[in-house]
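Accompanying notes for the structure given below.
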Amino acid sequence: MKVGITLPNIAPQATTENILQLAVQAEKEGFDSLWTIRRILWPLKAQSRYLASPDGTLPIEYQNVLDALDVLAYVAANTKNIALGTHVEDMFFWTPIMLAKRFITLDVLSQGRSISGLGIGWSKDEYQAANTPFQFRGERADEFVEAMKKIWIDDIVEFKGKYYNIPPSKIDPKPIQKPHIPTFLGGSSISTFSRIVKYDLDGWIGAVAGPLEHIENWINAIRTQAIHTGKNPDDFRIIMVTFPDVREAQSPKNDKNRFPFSGTIDEIGDDIQRLKTMGVEHIIFNYNFLPIGRNVTKVVHISKQLSKFAS
């Protein structure tokens, strides 16, 4: 199992020094990947409920966010081998050409290290700020990923859709990675899984925000979707974002109320190994919503301890 760490491009720890320190240390210690998060605003009166918090409010860490792709470009210039990805980039803040070109630029400048983690978003406020209709997101997403792949692969690019159109054009350079930049979709709906399979994307990038049984069910849903369409389920890979909350005290034995990825190093290690048995091939540790996230040295130290369970 590959292991990555989310960079501190959000919250008070989003500083040049912290980003550079974590990137350099992570590569030195042999981690496989570094990742960034996309948020464009923190609405004072949110129109959409944030499903990952008990009361539906957006975490205050999202009040302070550096651009996800710009941070990765900066890190690319200061590292040599570690992969660089987004979990996730909201598609509809861009046109397919502009986002495809940004990932191409990152891939070229990093010599083939970019990973495209994409999502359709959920915030009505961000849609409003991006001047994008909230309706018909699924149809838009279908066209978006199809157009992006054409831009990355085709010598002459042409696309005629309901929402996006590209006249016959040369759009170069192409990415370093062939046939295209690895592309994963976030989300937890059947529509997302169908989109991954239909357009032969690389797989799913999920997040542990509840019982691990839910993750297993979603992974099985992707595999089932692939089988039903006559495709090999092993062709679709799984990346999982986690939020390790390491504590010194061990939970009571067989505690069913322990939230996944909370507890001692060994307890979280058990969760990592369980994800591995489910078929998760790449795990990401995100500490930006925890106090430890402000201490880069501790982030690397804890991640090294946890990564042993992924090997």
Side-chain angles (χ1 to χ4, degrees), residues 35-41 47-52 67-69 85-104 106-107 114-154 157-166 171 175 179-207 209 218-219 221-226 228-229 231 233 235-241:
W35 301 77
T36 52
I37 300 168
R38 169 71 64 188
R39 285 267 72 82
I40 61 173
L41 51 76
Q47 301 177 58
S48 302
R49 180 181 175 84
Y50 184 67
L51 297 180
D67 185 86
L69 287 167
T86 55
H87 72 66
V88 293
E89 178 64 64
D90 289 288
M91 289 183 272
F92 302 143
F93 302 158
W94 311 88
T95 62
I97 286 181
M98 295 309 297
L99 188 56
K101 290 286 282 187
R102 293 210 69 188
F103 273 108
I104 289 170
L106 177 62
D107 204 56
S114 65
I115 302 174
S116 171
L118 305 176
I120 64 174
W122 53 271
S123 169
K124 291 182 180 179
D125 297 283
E126 290 190 328
Y127 268 76
Q128 180 178 329
N131 197 30
T132 302
F134 198 71
Q135 297 81 10
F136 310 115
R137 290 176 292 166
E139 290 181 1
R140 286 180 179 274
D142 286 342
E143 289 192 11
F144 203 107
V145 296
E146 185 178 5
M148 281 187 71
K149 285 188 68 175
K150 284 181 173 291
I151 293 165
W152 288 339
I153 296 172
D154 293 355
V157 180
E158 181 178 10
F159 187 83
K160 295 181 180 180
K162 180 178 179 180
Y163 303 98
Y164 303 105
N165 289 277
I166 304 172
I171 304 177
H180 58 78
I181 293 168
T183 301
F184 296 79
L185 294 188
S188 55
S189 69
I190 294 298
S191 296
T192 297
F193 305 150
S194 298
R195 192 169 297 118
I196 291 168
V197 173
K198 179 179 179 180
Y199 295 102
D200 291 310
L201 304 181
D202 290 83
W204 178 52
I205 182 166
W218 291 330
I219 292 173
I222 296 172
R223 297 186 183 281
T224 299
Q225 184 69 31
H228 284 172
T229 55
K231 296 181 179 179
D235 290 341
F236 303 96
R237 294 175 283 154
I238 308 297
I239 301 174
M240 195 58 52
V241 183

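Just so we're clear, the structure is a prediction, and the values are computed from it rather than from any experiment.
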Starting from the C-alpha separation in whole Å, work towards a yes-or-no answer on side chain to side chain contact (heavy atoms under 4.5 Å, CB included) for Val197 and Asp235. CA-CA 9 Å; Val197 173; Asp235 290 341; over 6 Å; no

Dump the intermediate steps for salt bridge (charged side-chain N to carboxylate O under 4.0 Å, His left out) on Lys124 and Glu126, then the final yes or no. CA-CA 5 Å; Lys124 291 182 180 179; Glu126 290 190 328; over 6 Å; no

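- In terms of heavy atoms, Ala141 sits closest to Phe92 at N-CZ, 3.5 Å.
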Residues Asp142, Tyr199; criterion side chain to side chain contact (heavy atoms under 4.5 Å, CB included); working and verdict: CA-CA 8 Å; Asp142 286 342; Tyr199 295 102; 3.4 Å; yes

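- Between the Ser48 side chain and the Trp122 main chain, a donor and an acceptor come within less than 3.5 Å of each other.
- The heavy-atom pair separating Lys231 from Asp200 by the smallest distance is NZ-OD1, 3.0 Å.
- Listed by first and then second residue, the salt bridge (Lys or Arg N to Asp or Glu O under 4.0 Å) pairs that reach into residues 91-100 come to none, sequence neighbours excluded.
- Considering Ile239, Thr183, Thr86, Ile196 in turn, Ile239 is the only one that fulfils the side-chain contact (heavy atoms from CB on, under 4.5 Å) rule with Ile205.
- The side chain to side chain donor-acceptor pair (under 3.5 Å) contacts involving residues 89-103 comprise Arg38-Glu89, Asp70-Arg102, Glu89-Trp94, where partners must be two or more places apart or lie in separate chains.
- A pairwise comparison of heavy atoms in Pro179 and Ile153 identifies O-CG1, 3.2 Å as the closest pair.
- Of all heavy-atom pairs spanning Pro182 and Asp202, the tightest one is CA-OD1, 3.3 Å.
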Using the rule given for side chain to side chain contact (heavy atoms under 4.5 Å, CB included), can you reason through Ile166 versus Ile171, listing the C-alpha separation, both sets of side-chain angles and the distance that settles it, and then say yes or no? CA-CA 10 Å; Ile166 304 172; Ile171 304 177; 4.2 Å; yes

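- Under the 6.0 Å distance and 45° angle rule, Lys149 does not count as a cation-pi partner of Phe159.
- Side-chain atoms of Thr132 never come within 3.5 Å of backbone atoms of Gln128 as a donor-acceptor pair (strictly under, hydrogens ignored).
- Taking the six-membered ring where the residue is Trp, the centroids of Phe184 and Trp204 are separated by 6.0 Å or more.
- For the atom pair Glu146 CD and Leu201 CG, the distance stands at 10.5 Å (nearest 0.5 Å).
- For Asn165 (side chain) and Gly161 (main-chain N/O), a donor-acceptor pair under 3.5 Å exists by modelled atom type.
- Ser189 and Thr192 form a side-chain donor-acceptor contact under 3.5 Å, judged by distance and modelled atom types alone.
- Separating the OG atom in Ser114 from the CZ atom in Phe103 is a distance of 7.0 Å, to the nearest 0.5 Å.
- The shortest non-hydrogen separation linking Met240 to Ile238 is CE-CG2, 4.0 Å.
- Between Glu139 and Arg137 there is no salt bridge, since none of the side-chain N atoms of the basic residue sits less than 4.0 Å from a carboxylate O of the acidic one.
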After noting the C-alpha distance and the side-chain angles of Ile181 and Ile115, does the key distance pass the side chain to side chain contact (heavy atoms under 4.5 Å, CB included) rule? CA-CA 6 Å; Ile181 293 168; Ile115 302 174; 5.8 Å; no

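- Minimum heavy-atom separation, Pro175 to Trp152: CD-O, 3.4 Å.
- Rounding to the nearest 0.5 Å gives a distance of 8.5 Å between CD of Glu143 and NZ of Lys162.
- Ring pair Tyr127/Phe134 is perpendicular by interplanar angle, where above 60° counts as perpendicular and below 30° as parallel.
- Side-chain atoms of Arg223 never come within 3.5 Å of backbone atoms of Phe236 as a donor-acceptor pair (strictly under, hydrogens ignored).
- To the nearest 0.5 Å, the span separating NE2 on His87 from CD1 on Ile37 amounts to 5.0 Å.
- To the nearest 0.5 angstrom, Ser116 atom OG is 4.5 Å from Met148 atom CE.
- A 4.5 Å side-chain heavy-atom check between Leu69 and Thr36 finds every atom pair outside the cut-off.
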